[in-house]
Amino acid sequence: MAAVRFIPLFFILFSTLCFSQSDEEALIKLKKSFIGGNLDNWVLGSGACEKKWVGVMCSGDNVTGLHLADMQLTGEVDIQALLQIRGLKAISLINNSFTGDIPDLHKLTNLRAIYLSKNKFSGSIPDNYFDKMGLLKKVWLDDNQFSGRIPDSLCQLPNLMELHLELNQFSGQIPPLIYPAMVRDLNLSKNNLEGEIPESYMQFNATSFEGNPGLCGSILGKECENGDNKSGQKQESASSPSEGIDRSGSGSNSKVLAISIGSVVAVVFLVIIVVLARKRRREDEFSILSKEPFKEEVLPVKVPEAESTTRRKPSESSRRSRSSKKGSSHGGSSGVTDLVMVNEEKGEFGMQDLMKAAAEVLGNGGLGSAYKAVMSNGLAVVVKRMKEMNRLGKEAFDVEMRRLGKLRQPNILTPLAYHFRREEKLIVSEYMPKGSLLYVLHGDRGIIHANLNWPTRLKIIKGIAQGLDFIHTEFATYEVPHGNLKSSNILLTENYDPLLSDFAFQPMANPNLINQGLFAYRSPEYVRSQQISAKSDIYCLGIVILEIITGKFPAQYLNNAKGGIDIVQWVQTSIADNQVEDLIDPEISHGSNSIDQMVKLLRIGAGCTESNPDKRLGMKEVIDKINEVNV
Ligand SMILES: *[C@@H]1O[C@H](CO)[C@@H](O)[C@H](O)[C@H]1NC(C)=O
Ligand SMILES: *[C@@H]1O[C@H](CO)[C@@H](O)[C@H](O)[C@H]1NC(C)=O
Ligand SMILES: *[C@@H]1O[C@H](CO)[C@@H](O)[C@H](O)[C@H]1NC(C)=O
Ligand SMILES: *[C@@H]1O[C@H](CO)[C@@H](O)[C@H](O)[C@H]1NC(C)=O
Ligand SMILES: *[C@@H]1O[C@H](CO)[C@@H](O)[C@H](O)[C@H]1NC(C)=O
């Protein structure tokens, strides 16, 4: 086995920090790619939103739109710069003099509207260009010199409302519209389109299609001759609209952004980002399995001195950053230094200490990726990079984190520090060398599993229940107090005492992604009828209990339910058939005289995973019942 190599955390996170360049810096970069135009009031530091930069639309301090029409602009459209404007929803370049292929706007997966009318764009548009742009509502490409087929992916956009392609040289047949009911404004006239107009366009009249001599069909009052191609034939292959739109788009974004960083540094980051991107892909394939415990070697890279990256170098002392001053939030770079301590039991540290630490990629989970970092004082921490925790603003997030930082209970892992940025958060906690319960149970059976004898497993279950009970008291007002209880979020101390982590995130997590990221949202009541409650945590507890006693990996942790065992179903069937004993992990049942106690615990697990939350055990009942189980 090759040794795991370390690189400073700084270089892992640097790629992230580059993305945090303010909208303003990004606009300046964009301006540099343009030729002509009058963008004189785009001056760095003047405040793009406050000073109402020409053509810049804002919502509060966020740039949300660029309306750069009628400006005689040419040159390039710097997509890397646009990618840095996280809130960008619409871009208009109407009536300018841009030429060449359509810019790579498809990388901006959050766009709602694209207006490129009245330019000199040309060439064909790749068929899959719009695949990842599922939020697009308005696409205006009219009055250019586009040619080739109309991309299938364009006609498959689920939210498309306005489509203007008139006055171009699009040719071939018109692909069917997959979501015709949404579209209310359509113009395909004055192109070289041919064949029969598909049925899905019935709601429109001839004025949307005129000026295409090769078109036919009832809309135009022109019979299609036998030789005319029936465009409906294409429907079959086109009728599966792009499933699972990648909302984040971050995989490709980060790769692209990395290229803009200078020379040597760029190479380093590319390597890192490729590693991260590869991990991200693994996440897709393995989802939960690739979480935390499955370490992956980080490629050895030559790391230049941190000082060579002066522009981004943290300049304040780490101590000063603790005060989390509000006044320092201008520009993009000030945020780099802010690490806010919420729990000083393990000592104080700052962003600089963290950045210099030797780091190792631990893996990806539902909410983000995790790194281990060992600081010079010897403290090992886990840094979790949370991408889907942007529901709260800075102050409200601070309140939540400080509340978490105050918690003290033997089965709770209290976070140490956090770093806030608009689009992602870092959460720092102590590193537990034994890793997670998931890893210990299913990871490396031969070596670690043997220690998990019956008394240890019982102790772990009792500890988890105590921790959860504490969370239920502490966060009783939350919709779902823990929200994410599963074996990968239960860490084990040196003595195999369980520590719950990643709890009480529900108020912070993005609402639209909550059901992908938080395990409680896989409970039957949520899947069935979007109900969520403290009882959903009990369901998760039940899964963990069954997992520990059976030693089996629950299919419930997987996104696609392929692999693993539907542990709930299995246990219920076995109870009905009176064959409960067969369920118990042979590692603990073999030669044991505590089988009856194990069965008791299995039945408690089954009571926790009752599909109907009203029939499910309550927290106090679970505690009482578990306390009755003996070694
Ligand atoms: C700015 O963007 C952030 C995150 O993208 C969002 O939370 C915040 O509400 C936005 N502010 C305004 C005024 O839209
Ligand atoms: C296009 O922009 C030019 C200035 O760049 C302006 O004079 C002209 O009227 C605009 N055309 C339309 C149709 O708005
Ligand atoms: C055709 O549709 C357009 C708008 O979609 C409408 O303004 C126009 O009146 C319609 N023409 C006829 C002849 O129905
Ligand atoms: C479509 O565009 C053509 C050419 O600009 C125009 O004459 C026609 O009225 C438009 N039709 C609709 C429905 O917008
Ligand atoms: C029918 O489609 C084929 C290829 O798809 C094309 O080569 C041919 O020109 C089309 N014919 C007509 C009449 O549109």
Side-chain angles (χ1 to χ4, degrees), residues 12-13 15-17 19-20 62 83-89 108-110 132 134-135 244-254 257 273 276-277 279-292 335 361-371 382-394 396-401 404 415 418-429 475 478-486 488-489 501-523 526-527 530 532 536-537 540 557-559:
I12 294 179
L13 296 177
S15 58
T16 310
L17 301 172
F19 304 171
S20 77
N62 300 341
L83 275 166
Q84 288 169 28
I85 308 176
R86 288 304 175 108
L88 190 65
K89 298 208 165 74
L108 307 172
T109 51
N110 277 320
K132 297 231 160 119
L135 301 174
I245 291 147
D246 176 7
R247 282 165 203 276
S248 68
S250 48
S252 55
N253 291 4
S254 40
L257 274 169
I273 283 161
L276 292 181
K279 296 195 73 59
R280 218 168 263 136
R281 236 174 291 131
R282 269 169 57 104
E283 179 189 2
D284 294 339
E285 289 157 20
F286 289 93
S287 178
I288 306 297
L289 264 179
S290 68
K291 184 152 182 151
E292 253 189 74
V361 178
L362 290 177
N364 279 289
L367 294 169
S369 29
Y371 312 92
V382 173
V383 180
K384 285 199 174 174
R385 207 170 146 180
M386 306 286 198
K387 292 217 179 282
E388 310 297 353
M389 298 261 283
N390 307 325
R391 188 156 165 187
L392 297 184
K394 191 162 182 160
F397 188 83
D398 185 70
V399 170
E400 291 295 326
M401 287 308 297
L404 293 178
Y418 77 88
H419 167 69
F420 182 98
R421 287 192 313 105
R422 221 172 53 194
E423 62 275 24
E424 82 176 17
K425 321 285 175 267
L426 304 181
I427 296 182
V428 184
S429 324
F475 300 96
Y478 285 19
E479 252 187 333
V480 53
H482 188 303
N484 207 10
L485 183 67
K486 54 185 177 181
S488 60
N489 283 339
S501 74
D502 285 18
F503 50 85
F505 282 172
Q506 177 246 331
M508 296 183 264
N510 299 359
N512 55 338
L513 288 147
I514 212 163
N515 46 354
Q516 292 168 28
L518 302 183
F519 186 54
Y521 289 76
R522 303 262 184 87
S523 58
Y526 190 82
V527 173
Q530 275 71 56
I532 193 93
S536 313
D537 277 341
C540 303
Y557 290 160
L558 296 168
N559 280 326

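Below, each value reflects all heavy atoms present in this structure, side chains not excepted, and no hydrogens, waters or symmetry copies.
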So do the side chains of [X] and [Y] get within less than 4.5 Å of each other, counting heavy atoms only?
X	Y	result
H482	V480	no
K425	H419	no
L108	L83	yes
V428	Y418	no
P507	R391	no

Side chain of [X], backbone of [Y]: donor and acceptor closer than 3.5 Å?
X	Y	value
N484	F519	yes
N510	N390	yes
S501	N489	yes

Interatomic spacing from [atom1] in [X] to [atom2] in [Y] - rounded to 0.5 Å:
X	Y	atom1	atom2	value
M508	L392	CE	CG	7.0 Å
I532	L518	CD1	CG	8.0 Å
R522	C540	CZ	SG	10.0 Å

Go through the steps to decide whether M401 and I427 satisfy the test side chain to side chain contact (heavy atoms under 4.5 Å, CB included), and finish with yes or no.
-> CA-CA 9 Å; M401 287 308 297; I427 296 182; 4.0 Å; yes

Dump the intermediate steps for side chain to side chain contact (heavy atoms under 4.5 Å, CB included) on F505 and M386, then the final yes or no.
-> CA-CA 11 Å; F505 282 172; M386 306 286 198; 3.6 Å; yes

For S429 and P415, the nearest pair of non-hydrogen atoms, with its separation, is OG-CA, 4.2 Å

Give the ring-plane orientation class for F503 versus F475, where under 30° counts as parallel, over 60° as perpendicular and anything between as tilted.
-> tilted

Classify the side-chain pair R86/N62 by whether it contains a donor and acceptor separated by less than 3.5 Å.
-> no

Criterion side chain to side chain contact (heavy atoms under 4.5 Å, CB included) on Y521 and Q506, from CA distance to verdict | CA-CA 10 Å; Y521 289 76; Q506 177 246 331; 3.3 Å; yes

